[in-house]
Every structure is written in C-alpha cells, then in structure tokens.
Number of protein chains: 2
Amino acid sequence: MDHPSSSVRVNREPAMTDVARLAGVSHQTVSRVLNGHPNVREETRLRVRAAIAQLGYRPNRAARTLATGRSQLIGVVAQNSTLFGPSSLLAAFELAAAAQGFVVSVRRVKVLDRDSITAAVEHHREQRAAGIVVIAPTAAADEALAEVPTDTPLVTVDGDPERAGAALVTVDQEAGARLAVRHLLEAGHETVWHVSGPADWFDAAGRMRGWRRTLEEAGAEAPPVSPADWSAASGYRAGLMLARMPEVTAVFAANDHLALGILRAMYERGRSVPGDVSVVGFDDVPEAGYFIPPLTTVRPDFDTVAAQALSLLLSGISGEENGTARRVVTPTLVERDSVGSPTR
Amino acid sequence: MDHPSSSVRVNREPAMTDVARLAGVSHQTVSRVLNGHPNVREETRLRVRAAIAQLGYRPNRAARTLATGRSQLIGVVAQNSTLFGPSSLLAAFELAAAAQGFVVSVRRVKVLDRDSITAAVEHHREQRAAGIVVIAPTAAADEALAEVPTDTPLVTVDGDPERAGAALVTVDQEAGARLAVRHLLEAGHETVWHVSGPADWFDAAGRMRGWRRTLEEAGAEAPPVSPADWSAASGYRAGLMLARMPEVTAVFAANDHLALGILRAMYERGRSVPGDVSVVGFDDVPEAGYFIPPLTTVRPDFDTVAAQALSLLLSGISGEENGTARRVVTPTLVERDSVGSPTR
DNA sequence: GCCCGATTCGTTAGCGCTAACATGAAGTGA
DNA sequence: TCACTTCATGTTAGCGCTAACGAATCGGGC
C-alpha cells in the first residue's frame, strides 16, 4: 500500500472542492447550493448540481457536524427487550425521526439501572447528539436521568408521570386501566381482580392505580393483587391461582401476554372465558384478536406517542421549550369476546 | 444573544487543547493518552487523565471521524415492523455492536422495495458508516443490494441464500422446516399441510422448500399450500379452510402467529389440537408455550445470527474478508403439546 | 567518552465543511 | 451622475482531531 501522504490519494471520495472545480465555482457556492441558500444564480445552481451528479458527490456529515457544532443525530436509549410496547414505540420513533431528516442512533441497555442509563446517555452526548430520547419505564431509569446535565435536550418516554422538571411523553396508564375496569364493572361484575406487571415499572404502577381507584369510586372492594412480570408464564401462574377461586369472575391483566397466560390457565382448569370469568388485557398486540377467546384489551397508540416525543424533542432542540413540557396520550378500549356478564 | 465570533465563547465544551493546557502538555499527548498509544510516561498519563476528569472533557467524535476518515458507526437497514424475528434480531445486533464500541444507527423503511433500500443504504454511506447491515428478507430488497457500490463493507441478513457474491448470514429455514415436518411424520401422520408466509420472503420460501422436500423424501404427497402473510389473522383464515377437511391431521405453519390463528380456527370448528390435528409453528415467540395448547415450534437463535453478522461485518471492515462469506445458523425444535399421533 | 537506538514529547499540516467577511457587479433613486 | 443598496460570488479562518515528522532526552555497549 502506498504511503498516504507521499502520494496523491487516488480514488478518494470527491469533496466539495472537487465539485467546485468541476463546476468552475468556489467551494462555498457549492455549500450554498447544498444548503438551499438564496442568492445563487439559477444557472450556477444547475451547474453545481450537474457536477455533483457527475462526480457522485455526497456531503461528509462529520465535517459538517464539526463545522457547525450541531448534528442531525438523535440518540435513543432503550432496554434490550422484545416486549411489544417498547419495540413498537422504538420502531415508530425511528420512522418519524427519519422522515424529519434525522439519524437515529439506538443504544440498548441490558438492565435499566442507574449506571447503564448514565453510560448510554453519556455515549450519546459524546456523539454530540442534537437530542436524546430515553425510554425509561422504571424508577431506577428515571432517577439516573435526574443527574444528567441539561445542556442536551432530552425527552423521557414512559417515565415517572409524577416527576417534575423533565420533558415527558407518556401513555395515560391510569385512564387505560379505568376503561378496562369500568367495562368489566358495567358488564355486571361485582369486582375485578388484577394481575399486575413488575412493581418498579411506571406502566404497571399506573395501571394498578387506575384499577384500584376505579373500584373505589364504584364502591367495590379491591381484591389482593397478583404480582407478575410481563410474561405469559407469570400470567399463567397467577391464572392458576385465580382459577381455583370461584369468586373470581373478572380479571384485568396488566398486559396482553399476561392475559394469554391467564386464558390458558382458565382453560386448563375448566373455567370458561367469558362464560365463567371475563378477562381484559392491555397493549392490543396484533395477535390478541386470535387468542381463545379473542381478547378485549386496551390499546395505547404508540405512533402518537412517538410523534409527540419527536415533536417535543424538536422544540427542545430549537430552543422553544425549556424541557418541562409533558404530553399524555390516552388509550382506547378494544372490545372483543373475552368479557361477558357474570352468571349467578 | 451575543455574536458567536465577536465574543469569547463562554461555556463551550472543553476541547483537547484545554485539557492539554491544564495538564501542561501538548494536545497530541492528550490524543495519545486517549487512544492508548504506548510511549507516554506513566506520570504524564495520570496528569492528563486528571485534567480530563477535572474538565469533564469528552472527545468529539465528529472531529475524529473527519481526521481519520473512518467512523465507529454501523448502519442498519430494517423494515418498519414489529414482527418477532426481525425485531429480535435488531435488538440482539444493537447490543452486540455496542459491546464492541460501535454506534449503531438504524434506518427503518416502510416497504422493502428497491428505492427505499437504496435510499437507506445511501443515507448510511453519507454518514461514512464503517459498515452496513441490511435485513433483506425479500427478493426486492436483495435485488436493490446488487446495485450498491462495494466500497463499504456490507452484510446481508436473511437475504437470498442462493445469491453469490455477498456476505450473508441467514437462518437455515429449510433445515428448520425439515425438523418440523419430520417430527410430524414420525408421530405417524401420513402427510403434512403447510400454511406459508408471503411468497416473496426468503424465509417463507425456504420453509416451504424444506417442507416439500421432506415430504418428497418420505414418499408422502405434498398437499396444496395455503398461502398467507405472517399474521394471526391470515393463519385464522387458512385454519378455517383446513378445519373443514377431515383428512387434515397435521399442519406446519410458517410462523407462530400463523399457528395461533390456526389453533383458534381449529378450536372454533371443534377440532381438537393435538387430538384431531397436530400443529407446529416457527420462531418460538416467548408466549408460544402458553397458547392453547402450548405450541411445538422451531427456534432460530437470533443472538447467534446477530453475533455472526457482526463478526462478518467486522472482518469486512478490517479488510480480512472480500465480502462473499456466508454463515448459516441452524434452528432447533422445541417440543410442546401441539403434536400428537393421528387417530384412525 | 561517544555513538546509537529507543523513549517521550512537541510541531505542523491537514480532514471537509460552514460562518463571517470581502469584493465586485448590477440595479435604484435623487 | 453619484452614493447606496442588493445580489452573486470568492476568500479566509476556524471546528477538534489525528498522522507524520522532528527534536530532545535517556540508557547502555564499546
């Protein structure tokens, strides 16, 4: 291989000066054409564009970032999970950001603890990310964020709805839970049992809160909660317990996979759904309509959440927002066949 | 706001020269410490590190990229889907790449057509990505890749197993299908029906090929294929047809969600699984064990696929590979309760 | 003591781009 | 006609970093 500095580099990527030379203008004029500045003669513009096409020139973003001090990069921190909610959110966000011309760089963390989150955020700051989005559904993640310097716009998704002083987009878990519980109550059930998600998730806490408050408002007694994680396996275990108790006629599961496990447990124990017990889930996973029976569930609109997060971040980047705004997205109820009236 | 050039910029990010000044060395020595070069005295190294810590200095990647001409960035092109396979793959890849110190930038495309893929790849090349990974499970996506200039290392995941001249990592769909079909045949079924994925997906084609060849080898006749997409809804529709035909005793579904739809159709039509008909899926989604009945399925190891893709890409980046290597990951069978012997 | 090689550092010159200012030509109003 | 703005372009100076080279210092072997 030849020595880079001792020979003319052949086959190197064309740079702005190459385009300028070919078009017979200065590099700065090329820059102006590229950035859509006014005050460039139409004919010059065309000549430059032709030269760009002829050379196959592509601007070097690193150089631009260095010169301007800002990048078109949005950093995302998310958990390494294939859970439906987070991954839908991520996909929607990536698509929305790309549509706005942003590059999105995702940093997955194995666990949502303070150190991991801090490291991931720091990583993005090192890239000079224009803005950062953290999907922070647990208390530990949210706490870590409190320590982050505020010179980079940052939006939290699914963070602590109670915490002040951070731009936040979240699904109104409580409202979603109310929808589910009220639906069951209106079908005639005296009370509703709850299989909850992991206690340290805000989503789980919010759904539980909504469940409990709705029961209280209706004057119904709240039965003990069956704690679980988000998996079908833990839903199944909880379901086996609930199936043994004849007084259980309605169950609100913190997500659809838990509900799936519950459906399976009920089926195994010979308790018909919705004949003997009604079940409502949360998330509306694409296959929820094909469970046995098709699952009534609560649907959060992830596209909207993603769009809101992006818009909040962009206004943070442009300096319009001080970073304390919050947007709440309200979910809707999707009625299918897993809810019926109690038999007495 | 003050004019950037007419006043000393206050509060600007510390740069290498600031660290150098504080440590009483040249900026180049700071660079050496940062990049772990030898030939720096231990005492100097410590002084530099102390200065870095004191100032909270973080290197500017854009400047480094500009100076070196290479980035630590891997571009990924993927479809905007929440399908279990692709999204698991993506998550696994992001984690693996981050562990190697790479930044991964994901570009989602809405449809896997030529233009979208080309644009997405071009986008990454503009970023001077060190390497590109394309998850290209359809023929259209794969074709688009043929036109891409080869100066950037590129690895295709789930691309055309038949195409030569591209670095490729793929799951051995055919072998997976053989596992499923042979399992059903060994249970005593005379033949196995197939509900396939979309025809333009290599995954679907490979699974179908494996199914057909295994039947041929066993001397069984291959019944007509029920075409579907990957959704539970289309599995359900196909299932309703199959449920009507008493001769159907074994079904191999191209993925677990199709299988779920089939299970539901069989249930509705009063055909017991696995009593009357056996079903095998593909993917081993986390909740497959909680279907009614728990689903026997084929499990591709996405972590391994991701790891192979990364290692292939890295050897491409370091110039060890000419970009024609291929790695094939063989899936395994996960036996649960949805397969039984035919009643005669 | 002297020479040679290794070690440790500093100096210089870009990487490709944008922002700010400079320049010259053309138009405008009195 | 002349000052005065507007437009179209060129020139210059960095952004923060690394690579290449050069200079000083140090430690032996003879």
Side-chain angles (χ1 to χ4, degrees), chain A residues 1-9 11-21 23-48 51-52 55-72 125-128, chain B residues 1-9 11-21 23-48 51-52 55-72 125-128:
Chain A
M1 292 297 119
D2 52 9
H3 201 72
S5 73
S6 66
S7 69
V8 174
R9 278 197 317 169
N11 270 343
R12 68 170 237 279
E13 291 261 313
M16 208 173 250
T17 48
D18 301 315
V19 176
R21 200 176 312 117
V25 296
S26 75
H27 68 212
Q28 179 63 328
T29 297
V30 177
S31 169
R32 279 191 267 256
V33 171
L34 245 38
N35 294 297
H37 283 214
N39 302 350
V40 176
R41 219 182 343 148
E42 194 52 30
E43 191 238 311
T44 313
R45 195 183 299 277
L46 290 171
R47 255 208 340 271
V48 170
I52 288 175
L55 292 177
Y57 166 78
R58 288 166 305 124
N60 183 323
R61 302 248 187 179
R64 175 181 298 194
T65 298
L66 183 57
T68 58
R70 6 188 182 88
S71 69
Q72 286 289 92
R125 287 166 44 83
E126 210 168 285
Q127 308 289 321
R128 301 297 187 273
Chain B
M1 292 295 120
D2 53 9
H3 199 73
S5 74
S6 66
S7 69
V8 173
R9 279 196 317 170
N11 271 344
R12 68 169 239 278
E13 291 263 312
M16 209 172 249
T17 48
D18 301 316
V19 176
R21 199 177 312 119
V25 296
S26 76
H27 69 253
Q28 179 62 336
T29 298
V30 178
S31 170
R32 279 190 267 255
V33 171
L34 245 37
N35 294 297
H37 283 212
N39 301 350
V40 175
R41 223 189 332 157
E42 193 52 30
E43 190 238 313
T44 313
R45 195 184 299 277
L46 290 172
R47 258 212 332 275
V48 170
I52 288 175
L55 292 176
Y57 166 79
R58 289 166 305 126
N60 183 323
R61 301 250 188 178
R64 174 180 299 192
T65 299
L66 182 58
T68 58
R70 23 198 166 78
S71 69
Q72 286 289 94
R125 286 167 42 84
E126 208 168 286
Q127 308 289 319
R128 300 297 187 275

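Here the structure is a predicted model, which means the values were calculated and not measured. Letters A, B, ... are given to chains in the order of the sequence lines, protein chains preceding strands, and every chain is numbered from 1.
Distance check: A/L34 CG to A/Q28 CD gives 11.0 Å after rounding to the nearest 0.5 Å. Rounding to the nearest 0.5 Å gives a distance of 7.0 Å between CD of B/Q72 and CZ of B/R61. One distance of note links CZ of B/R64 with CG of B/N35; it measures 4.5 Å at 0.5 Å rounding. From A/T68, atom OG1 reaches atom CZ of A/R128 across 11.5 Å, with rounding to the nearest 0.5 Å. Atom CG of residue B/N39 and atom OG1 of residue B/T29 lie 11.0 Å apart, to the nearest 0.5 angstrom.
Nucleotide D/dG14 holds its P atom 18 Å from the CG atom of B/N60, rounded to whole Å. Between the P atom of D/dC21 and the NE2 atom of B/H37 lies a distance of 15 Å, rounded to the nearest Å. Note: CD (A/Q72) to P (C/dT18) measures 12 Å, nearest angstrom. The interatomic distance linking A/N39 (CG) with C/dC21 (P) rounds to 17 Å, in whole Å. For the pair A/Q127 CD and D/dG16 C1', the interatomic distance rounds to 15 Å; values are reported in whole Å. Between the P atom of C/dG14 and the CE atom of A/M16 lies a distance of 20 Å, rounded to the nearest Å. Rounded to whole angstrom, the span from the CZ atom of A/R61 across to the P atom of C/dT18 amounts to 11 Å. Atom pair A/R58:CZ and C/dC17:C1' shows a separation of 15 Å (rounding to whole Å applied).
Side-chain nitrogen and oxygen atoms of A/T29 include none within less than 4.0 Å of the OP1 or OP2 phosphate oxygen of D/dT9. For A/N35, a side-chain nitrogen or oxygen approaches OP1 or OP2 of C/dT18 to under 4.0 Å. In this model, the phosphate group of D/dC7 is not approached by any side-chain N or O of A/R41 to a distance below 4.0 Å at OP1 or OP2. At least one side-chain nitrogen or oxygen of B/S31 sits closer than 4.0 Å to the OP1 or OP2 atom of D/dT18. Applying the 4.0 Å criterion to OP1 and OP2 of C/dA19, one finds that A/T68 has every side-chain N and O outside that range. Contact annotation: B/R70 reaches the phosphate of D/dA19 (side-chain N/O to OP1 or OP2, under 4.0 Å). Of the side-chain N and O atoms in A/T65, none sit less than 4.0 angstrom from OP1 or OP2 of D/dC15.
For A/Q28, counting side-chain heavy atoms from C-beta on, the closest listed nucleotide (C/dC17, C/dA20, D/dT9) is C/dA20. Distance from the side chain of B/V25 is smallest to C/dG10 among D/dG16, C/dG10, D/dA19. Comparing C/dT18, D/dC17, C/dC17 by their nearest atom to the side chain of B/A15 picks out D/dC17.
Two residues, B/H27 and B/L66, neighbour DNA chain C, and the one matched to the more 5' nucleotide by heavy-atom proximity is B/H27. Nearer the 5' end of DNA chain C, as judged by each residue's closest nucleotide, is the contact made by B/P38, out of B/A67 and B/P38.
Counting distance only, with no hydrogens placed and no angle test, the side-chain atoms of A/R32 and the base atoms of D/dG10 include a donor-acceptor pair under 3.5 Å.
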> Given B/D18 and B/R21, is the side-chain contact (heavy atoms from CB on, under 4.5 Å) satisfied, shown in steps?
Replying inline: CA-CA 5 Å; B/D18 301 316; B/R21 199 177 312 119; 3.5 Å; yes
